[in-house]
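Accompanying notes for the structure given below.
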Amino acid sequence: MLPVYLINLQRHTERLEQFKINNPFLLEHLNIFKAYDGNRLARRQLILDGLITDRNLYKPRGLGVLKSHVELWKIAAKSEHGITIMEDDVIVHPDFVKANKLLLDNKEQYDIVAWGYNLDWPIRLQTARGLPSSLISYLVQVGDSSQLHRINQIGAYGDKINKEEYLSQSITPDFISTTMFAGTPCYSITPQCAQALLDQLPLDNYEIYYYGTITAINVEHGIDITLEHLYRNMNVVLASPFLAYSNNEKTRIS
């Protein structure tokens, strides 16, 4: 199984404890990574360090998340097979361990495997080379419902995840090629891909297109959306059904 690194701010002890309660089967595989606090990072220093340009729009929280993922990409780039990165609010399906081990035996090398992703952001699938991509949306309400109503009707349905039922069933996911998804709750990354992402630093300000009931340029404030720009031309797949998810609490302050 690939090494698992869990991103956790030191002061968020309650989130770490809740993670352990939700995912006891992962404890023996877990490496706790002390997340960077964006409020303690100096934007000018990050520019001098080559992490971002002066046009980057990330707010302090986004800068802390970016710095944490970048440092983990450095670890992944020096690893033998890659690593799995998790955020501390993620709920992981027990079959994740089995699926992650099978990934090492897979003859096709994927650059990134998204084990989970934001459910309030459309996903673009590439079912086969040469065919048009397919756009799917989960009919689930997360985060600020009033905001979702303004930008995409997927927030109007209000379907909810039945946690107990979801976790009680056996799931063997398929790996489906994707050209668009958002969120970094849980993903595996190869050494080569990690280095390719590092080579694209510093991060600028990019036009990321949101496709829902409307098409709009998203003003992206975090790596969870900027990744869509960075992994273009890479072999990126998502696990379907997903084996990890979070409640995607948009209003929570890190």
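Because only heavy atoms are used, hydrogens play no part in the values below, and waters and symmetry mates are left out as well, while side chains stay in. In this chain, numbering begins with 1 at the start of the sequence shown. All values reported here derive from a predicted model rather than from experimental measurement.
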Checklist entry - Can Leu102 be reached from Ile112 by stepping across I, L, V, M, F, W or Y side chains whose heavy atoms are under 4.5 Å apart? => result no
Next on the checklist: Same cluster or not: Leu27 versus Val97, using hydrophobic residues (I, L, V, M, F, W, Y) connected whenever any side-chain heavy atoms lie under 4.5 Å apart?
Outcome noted: yes
Do the non-hydrogen side-chain atoms of [X] and [Y] ever get within less than 4.5 Å of each other?
X      : Y      : result
Asn8   : Lys34  : no
Leu203 : Leu230 : yes
Met86  : Phe19  : yes
Thr184 : Ile85  : no
Asn22  : Val92  : no
Asp224 : Trp121 : no
Pro122 : Met180 : yes
Ile161 : Ile91  : no

Checklist entry - Quick one: are the ring centres of His29 and Tyr5 less than 6.0 Å apart? => result no
Item to check | Ring center gap for Phe96 and Trp115 short of 6.0 angstrom | outcome: yes
For [X] and [Y], which heavy atoms make the closest approach, and how far apart are they?
X      : Y      : answer
Ala244 : Cys186 : CB-CB, 3.7 Å
Asn100 : Leu2   : OD1-N, 3.0 Å
Pro191 : Glu80  : CG-O, 3.9 Å
Ile52  : Leu63  : CD1-CD2, 3.9 Å
Glu87  : Val65  : OE2-CG1, 4.4 Å
Ile225 : Ala182 : CG1-CB, 4.3 Å

For the atom pair [atom1] ([X]) and [atom2] ([Y]), what is the distance rounded to the nearest 0.5 Å?
X      : Y      : atom1 : atom2 : value
Leu26  : Met1   : CG    : CE    : 5.5 Å
Leu51  : Ile47  : CG    : CD1   : 10.0 Å
Leu46  : Leu66  : CG    : CG    : 7.5 Å
Lys20  : Leu6   : NZ    : CG    : 9.5 Å
Ile136 : Ile123 : CD1   : CD1   : 4.5 Å
Ser168 : Ile171 : OG    : CD1   : 9.0 Å

Donor-acceptor under 3.5 Å ([X] side chain, [Y] main chain):
X      : Y      : value
Ser68  : Tyr36  : yes
His93  : Gln169 : yes
Asn31  : Val4   : yes
Thr178 : Arg124 : yes
Asn235 : Tyr110 : no

Would you say [Y] and [X] are linked by a side-chain donor-acceptor pair, where the criterion is simply a distance under 3.5 Å?
X      : Y      : result
Asn39  : Lys59  : no
Tyr58  : Thr226 : yes
Thr53  : Asp204 : yes
Thr84  : Ser188 : yes
Thr190 : Gln109 : no

Next on the checklist: Can you confirm whether more than 12 heavy atoms, excluding those of Gln10, are under 6.0 Å from its CD atom?
Outcome noted: no
Checklist entry - Are more than 12 heavy atoms from other residues, nucleotides or ligands located less than 6.0 Å from atom CG of Asp199? => result yes
Checklist entry - Going through the distances and angles, do Ile32 and Ile7 end up as a side-chain contact (heavy atoms from CB on, under 4.5 Å)? => result CA-CA 6 Å; Ile32 307 299; Ile7 299 174; over 6 Å; no
Checklist entry - Can Gln195 and Trp73 be said to form a side-chain contact (heavy atoms from CB on, under 4.5 Å), step by step? => result CA-CA 7 Å; Gln195 187 59 55; Trp73 294 347; over 6 Å; no
Item to check | Partner residues of His229 under the ring pair (Phe, Tyr, Trp, His ring centres under 6.0 Å) criterion, sequence neighbours left out | outcome: Tyr206
Checklist entry - Going through the checks in order, is the side-chain contact (heavy atoms from CB on, under 4.5 Å) test met by Leu238 and Val113? => result CA-CA 5 Å; Leu238 53 82; Val113 176; over 6 Å; no
Item to check | Leu227 vs His69, side-chain contact (heavy atoms from CB on, under 4.5 Å): CA-CA, chis, key distance, verdict | outcome: CA-CA 11 Å; Leu227 264 178; His69 283 269; over 6 Å; no
Checklist entry - Is the shortest distance from a Lys or Arg side-chain nitrogen in Arg44 or Asp54 to a carboxylate oxygen in the other one below 4.0 Å? => result no
Checklist entry - Between Tyr187, Phe175, Tyr166, which is the residue that forms a ring-ring contact (aromatic ring centres under 6.0 Å, His included) with Phe242? => result Tyr166
Item to check | side chain to side chain donor-acceptor pair (under 3.5 Å) partner of Asp88, chosen from Arg15, His12, Gln18 | outcome: Arg15
Checklist entry - What class does the angle between the rings of Tyr231 and Phe181 fall in, given that below 30° is parallel, 30 to 60° is tilted and above 60° is perpendicular? => result parallel
